[in-house]
> 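Sharing a structure below in structure tokens format, with a few things to ask.
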Amino acid sequence: MRNVFVQTNEATGNQVVAFRRGEDGSLELAGRFETGGRGDGVPHLTSQGSVVLTSDGRGLLVTNAGSGDLTLFAIADGGLELLATVPTGTAPKSVAEHGGLVYVLNTGEPSLAGFRVDGGLTPLVDSRRELVADADPAQVGFAPSGKALVVTDRGRGVEAVIDIGLRQLLDQSGLDRV
């Protein structure tokens with residue numbers, strides 16, 4: 001069986017709802033887990049990038065748009081274990097992970113914030129990237145090489161590719177180069 005995770009986006013307290021998926025595709029409720037943050041309470045289909053499984057399959061990253069932070073859970077047999085909740089910026093709506101590097105897209109004051117998964121979430125020094133003031137960003141993701149981030153911008157109908165200086169970030173994170 002595999003798990004399916006969704007977030008509630010509740011302004012009073014964001015949660016992850018976990019389901020076990022059966023061989024036939026059926027879903028069975030596995031539990032509800034507090035993120036330690038708040039959603040923005042706006043009814044909408046949350047972004048695919050607001051709940052992300054880490055590339056090693058052992059962690060789950062969840063944005064908390066209402067409280068401006070990011071939560072990291074460990075995936076355990078009994079459900080999810082909260083490891084860390086860290087501030088990212090205003091209205092984080094999307095998160096991407098590549099080999100232990102994490103970038104969060106903040107949409108309130110358009111920006112990117114970088115972290116390292118290390119049993120928790122450690123901010124990367126000088127990783128914050130401001131986007132243009134009139135940006136309307138929607139999603140962030142790593143390019144297949146892992147050397148750049150791709151940010152979609154609804155306001156301009158374009159995608160921005162941002163070189164994140166992966167070598168410098170890897171050097172300070174202690175992770176192997178990809």
Side-chain angles (χ1 to χ4, degrees), residues 2-21 25-55 59-75 79-98 101-115 117 120-121 123-124 127-143 149-162 164:
R2 298 186 57 112
N3 292 326
V4 174
F5 303 102
V6 295
Q7 70 168 300
T8 63
N9 196 38
E10 295 172 26
T12 56
N14 202 10
Q15 296 180 340
V16 171
V17 182
F19 298 91
R20 284 186 285 280
R21 183 173 52 202
S26 62
L27 297 176
E28 176 186 344
L29 181 65
R32 297 174 74 91
F33 304 90
E34 299 287 333
T35 66
R38 296 182 322 275
D40 62 12
V42 177
H44 67 288
L45 294 174
T46 55
S47 164
Q48 175 182 340
S50 60
V51 178
V52 171
L53 188 65
T54 59
S55 54
L60 188 72
L61 297 158
V62 182
T63 61
N64 299 301
S67 52
D69 46 43
L70 175 69
T71 297
L72 172 64
F73 288 100
I75 299 174
L80 299 175
E81 176 188 345
L82 182 80
L83 296 178
T85 300
V86 297
T88 67
T90 307
K93 297 271 179 101
S94 181
V95 60
E97 186 268 352
H98 182 84
L101 289 177
V102 174
Y103 268 84
V104 176
L105 174 64
N106 299 303
T107 61
E109 294 175 1
S111 63
L112 294 162
F115 300 87
V117 175
L121 289 166
L124 295 174
S127 67
R128 188 168 181 86
R129 302 286 189 270
E130 302 297 326
L131 303 178
V132 294
D134 64 343
D136 185 13
Q139 289 282 117
V140 64
F142 277 92
L149 293 171
V150 178
V151 178
T152 60
D153 187 328
R154 291 179 293 238
R156 296 163 196 247
V158 299
E159 295 180 351
V161 178
I162 301 165
I164 57 171

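What's counted below: heavy atoms across the whole structure, side chains too, no hydrogens, waters or symmetry copies.
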> Take L131 and D153, measure what side-chain contact (heavy atoms from CB on, under 4.5 Å) needs, and give me the verdict at the end.
CA-CA 10 Å; L131 303 178; D153 187 328; over 6 Å; no
> If you round to the nearest 0.5 Å, how far is CZ of R129 from CG of L112?
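One gets 8.5 Å once the value is rounded to the nearest 0.5 Å.
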> Does CD in E10 sit with more than 12 non-hydrogen atoms of other residues, nucleotides or ligands closer than 6.0 Å?
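Yes, the 6.0 Å shell around CD holds more than 12 heavy atoms from other groups.
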> Hey, could you give me the OG1/CD distance between T8 and Q15, rounded to the nearest 0.5 Å?
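The distance works out to 5.0 Å.
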> Just by distance, do the side chain of S111 and the backbone of N106 share a donor-acceptor pair under 3.5 Å?
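Not confirmed, S111 side chain does not pair with N106 backbone.
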> May I have the step-by-step check of side-chain contact (heavy atoms from CB on, under 4.5 Å) for V6 and V51, ending in yes or no?
CA-CA 7 Å; V6 295; V51 178; 5.9 Å; no
> Measuring from atom OG1 of T152 to atom CG of L105, what distance do you get when rounded to the nearest 0.5 angstrom?
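Result: 7.5 Å between the selected atoms.
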> Quick one about Q7 and S50 (side-chain donor to acceptor, distance below 3.5 Å, no hydrogens or angles considered), yes or no?
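A donor-acceptor contact under 3.5 Å links the two side chains.
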> Taking all atoms of both residues into account, what is the closest heavy-atom pair of V16 and V62, and its distance?
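For V16 and V62, the tightest heavy-atom pair comes out as CG2-CG2, 3.5 Å.
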> To the nearest 0.5 Å, tell me how far N9 CG sits from R38 CZ.
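Going from CG on N9 over to CZ on R38, the span is 11.5 Å.
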> Heavy atoms only: give me the nearest S67-G37 pair and the separation to one decimal.
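So the minimum-distance heavy-atom pair works out to OG-CA, 3.3 Å.
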> Of T88, L101, L61, which meets side-chain contact (heavy atoms from CB on, under 4.5 Å) against F115?
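When T88, L101, L61 are each tested with F115, the side-chain contact (heavy atoms from CB on, under 4.5 Å) holds only for T88.
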> Using only atom types and a distance under 3.5 Å, with no angle test, would you say the side chain of T90 pairs donor to acceptor with the backbone of G108?
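It does not hold such a pair.
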> Got a donor-acceptor contact below 3.5 angstrom from the N3 side chain to the G79 backbone?
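Answer holds: no.
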> Using 0.5 Å steps for rounding, measure from the CZ atom of F33 to the OG1 atom of T71.
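OG1 of T71 is found 13.5 Å from CZ of F33.
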> Testing the basics here: between A30 and R20, what is the closest heavy-atom pair and its distance to 0.1 Å?
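Closest approach of A30 to R20, heavy atoms only: CB-NH1, 3.2 Å.
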> List the atom of S55, the atom of E97, and the distance in Å for their closest heavy-atom pair.
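The answer is N-OE1, 2.8 Å.
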> Might you work through the side-chain contact (heavy atoms from CB on, under 4.5 Å) test for L149 and F142, ending with a clear yes or no?
CA-CA 5 Å; L149 293 171; F142 277 92; 3.8 Å; yes
> Do the side chains of L72 and V102 get nearer than 4.5 Å, heavy atoms only?
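A side-chain contact under 4.5 Å is absent here.
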> On a heavy-atom basis, which atom in A138 and which in S94 lie closest, and how many Å separate them?
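So the two residues come closest at O-CB, 3.8 Å.
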> Treating N64 as the side-chain partner and G39 as the backbone partner, does any N or O pair qualify as donor plus acceptor under 3.5 Å?
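Flag not set: sc N64 to bb G39 has no pair under 3.5 Å.
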> If you take all heavy atoms of F5 and L80, which pair is closest and at what distance?
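In this case the closest contact between F5 and L80 is CE2-CD2, 3.7 Å.
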> What's the spacing between E81 CD and I75 CD1 if we round to 0.5 Å?
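Separation between the atoms: 11.5 Å.
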